[in-house]
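What follows is a set of notes on a single structure, which appears directly below.
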Amino acid sequence: MSKLHIYNTLTKQKEEFKPIQDDHVGMYVCGPTVYSYVHLGNCRTFTSFDMVYRYLLYLGYKVRYVRNITDVGHLESDADQGEDKIAKKARLEQLEPMEIVQRYTVDFRNVMRQLNAHPPNIEPTATGHLIEQIQMVQEILDKGFAYESNGSVYFDVEKYNESHGYGELSGRKIEDLIAGSRELDGQEEKRSPLDFAIWKKASPEHIMRWPSPWSDGFPGWHLECSAMSTKYLGETFDIHGGGMDLKFPHHECEIAQGCAATGHKPVKYWMHTNMLTLNGKKMSKSTGNTLSPAELFSGENDKLEKGYSPSVVRFFMMQAHYSSELDFSSDAISASEKGFIKLMTAYGVLLKLETSSQSSKNVQEMVDSFYDAMNDDFNTPILIANLFETTKYINSVHVGTETISKEDLELLQKEFRGFVFDVLGLVNETESDNSKMDEVMALLMEIRAESRAKKDFATSDLIRDKLQEAGITIKDSKEGTTWTF
RNA sequence: GGUUCCGUGGCCGAGUGGCUUAGGCACCGGUCUGCAAAACCGGUUACAGCGGUUCGAAUCCGCUCGGAACCUCCA
């Protein structure tokens, strides 16, 4: 069988995945800034990494998955003299910053739970790690890669570049960056426009502030991830993930901070997920081009005629590779819903399949194809294509044109279930565990069968049509009648 | 303006040198059915344009056109 390969955005090639420490994997993913409700684009990234996490677990790795909550520190812009996003929103809404943080953190966790994403093993917050961040600022200062200016501390990019090379991840050259940098207000404290704050002195009206050796202030843009990933995963860990839009400058700065503080690169495999677009453009809070999960699930929005369940949304996302752009549209999600139902129906059939002395197809090869797809840089669209090929086989066995042995059936049930539910993280929403409902339906099926036997099709069709209106579909076959939502 | 990426059939979306007619949705025909639905079998539509490399390119190179991300917070 193939081995897991990951496309490393640092080296720009697929590499065999070899954890630093035996079968233990450390994975850090940049989480959301909780200053407003998460939108579907945010969810795509976290759903993609949830799939990565799930597959690593499925392969038997012991994974420590850390995903932060950014509740401080991202500056609005340099022009704002360091006004904090959280603090700004707080003033607008007349709330305490931590109240804002709490509200949107709860919303975020709720949405991710609906999407059936596993919670991370550790979900650290920036405000909970001020001491670690201050220590890291000091380390970088001690190593000579930062300087203090008027109470703020800046990372010295040009000095760092002399010994380490800045821009490796994003493919940028420092000369180009200098040439392309814009003159902005409030930068006179910096030696170079490329330098970035790792500690920022708070202006008098700034709400979120902490004491430090340099000033009452707050940590810089990129420092929290470096401090927290180091604390929980060590100075060098296996996988660091995030959205493509974080590649520069955020992740570039993380690499620089890590190298400056410890002398070596912090991450072995960098992974970046691509954007979910709406109308061909990136979803963005600042431009308002967004669709919220709640709107999508309920259907209460001006973009869709109906709502789609979280599993359908998840399936839709999994039908594209994580590194490709994915455009959201009503037609696309609608097509995914039908495919999703087909897959779930096939799973139901798989559980009840009758066995023969031998299989008419090579089931082991099918199962291998699931692993091969995922081992090739988590290629979920190929996995799903292979699952649909298997679906055809399952249905053929059901109608008797193909056969399966007892051993193969057990294997296929285990792995099909594993990849669909454990790896892709889908939920079989068509499943009913309501025994009362089953009894009522059994009665209706019996009445209908009797009407059909008496050729009273008016009654049988009435039952079928009314149930269809209620969202329940009847399927007749030689073995009897079944029903699904 | 700079950096990077993309452009696949009616729609979504894999594939990156030769055999995947990927897969899903839609559509058409057939089997099954009291009629349907589902399922199964079969079919239709393709690699943005132009030029080059090659025995051979959707896949490599160049140009043109179109789109996206980053260069300011952003998943």
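The chains referred to below are lettered A, B, ... by the order of the sequence lines, with proteins before strands, and numbering in each begins at 1. Small disclaimer: the values here were computed from a predicted structure and weren't measured.
- Computed from coordinates, the A:Leu387 CG to B:rA22 C1' distance equals 13 Å when rounded to whole Å.
- In this structure, the nucleotide among B:rC74, B:rC71, B:rG34 sitting nearest to the side chain of A:Leu177 is B:rC71.
- The aromatic rings of A:Tyr55 and A:Tyr371 are tilted relative to each other, their planes meeting at an angle between 30° and 60°.
- Closest to the side chain of A:Lys475, from the set B:rG34, B:rA38, B:rA75, is B:rA38.
- Distances shown here put a side-chain N or O of A:Lys285 below 4.0 Å from the OP1 or OP2 atom of B:rA75.
- Base pairing analysis places B:rC25 opposite B:rG10; the two distances defining the Watson-Crick or G-U wobble pair are each below 3.5 Å.
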Distances for protein N/O vs nucleotides 6-12 of chain B N/O pairs under 3.5 angstrom?
none

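- Atom-to-atom, OH of A:Tyr37 to P of B:rA75 comes out at 17 Å; the value is rounded to the nearest Å.
- Between A:Phe155 and A:Tyr160, the distance from one ring center to the other falls under 6.0 angstrom.
- For A:Asn274 against B:rA75, no side-chain N or O and base N or O form a donor-acceptor pair under 3.5 Å.
- Distance check on atom C1': B:rU45 versus B:rU4 gives 33 Å, rounded to whole Å.
- B:rG23 atom P lies 18 Å from atom CG of A:Leu424, rounded to whole Å.
- Between B:rG49 and B:rG66, the two P atoms lie 15 Å apart (nearest whole Å).
- Within residues 362-382 of chain A, the residues having any heavy atom closer than 4.0 Å to RNA chain B are, in order of number, A:Asn379, A:Pro381, A:Ile382.
- Summarising the geometry, the separation between NZ on A:Lys454 and P on B:rG34 is reported as 18 Å, rounded to the nearest angstrom.
- Closest approach to the A:Phe248 side chain among B:rC71, B:rA37, B:rA75 is made by B:rC71 (side chain taken as heavy atoms from C-beta onward).
- Not a single donor-acceptor pair, N or O on each side, falls under 3.5 Å between the base of B:rC71 and the side chain of A:Arg172.
- Rounded to a whole Å, the NE2 atom of A:His251 is 14 Å from the P atom of B:rC70.
- Side-chain rings of A:Phe316 and A:Phe340 stay apart, their centers remaining 6.0 Å or farther from each other.
- Comparing the P positions of B:rA48 and B:rA36 gives a spacing of 41 Å, expressed to the nearest Å.
- Separating the C1' atom of B:rC27 from that of B:rC12 is a span of 16 Å, rounded to the nearest Å.
- Between A:Tyr37 and A:Tyr104, the ring planes are perpendicular. Angles over 60° get that label, and only those under 30° would be called parallel.
- Nucleotides B:rA46 and B:rU16 have their C1' atoms positioned 16 Å apart, rounded to a whole Å.
- With ring centers used as reference points, A:Phe49 lies 6.0 Å or more from A:His118.
- The CG atom of A:Leu276 sits 12 Å away from the P atom of B:rA69 (whole-angstrom rounding).
- A distance of about 40 Å separates the C1' atoms of B:rG34 and B:rG13, rounded to the whole Å.
- Less than 6.0 angstrom separates the ring centroid of A:Tyr347 from the ring centroid of A:Phe421.
- Between A:His240 and A:Tyr28, the angle of the ring planes lies from 30° to 60°, which puts this pair in the tilted group.
- Closest to the side chain of A:Arg464, out of B:rG23, B:rA75, B:rC35, is B:rC35.
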Close N/O contacts between protein and nucleotides 39-45 of chain B (under 3.5 Å):
residue : atom : partner  : partner atom : Å
B:rA39  : O3'  : A:Asn395 : ND2          : 3.0
B:rC40  : OP1  : A:Asn395 : ND2          : 3.2

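- Ring geometry, A:Tyr65 versus A:Tyr53: the interplanar angle falls from 30° to 60°, so the pair is classed tilted.
- Between A:Phe388 and A:Gly339, the closest heavy-atom pair is CZ-O, 3.4 Å.
- For the C1' atoms, the distance from B:rC60 to B:rC55 is 16 Å, rounded to whole Å.
- For A:Lys466, the NZ atom is loosely surrounded, since the number of other residues' heavy atoms within 6.0 Å does not exceed 12.
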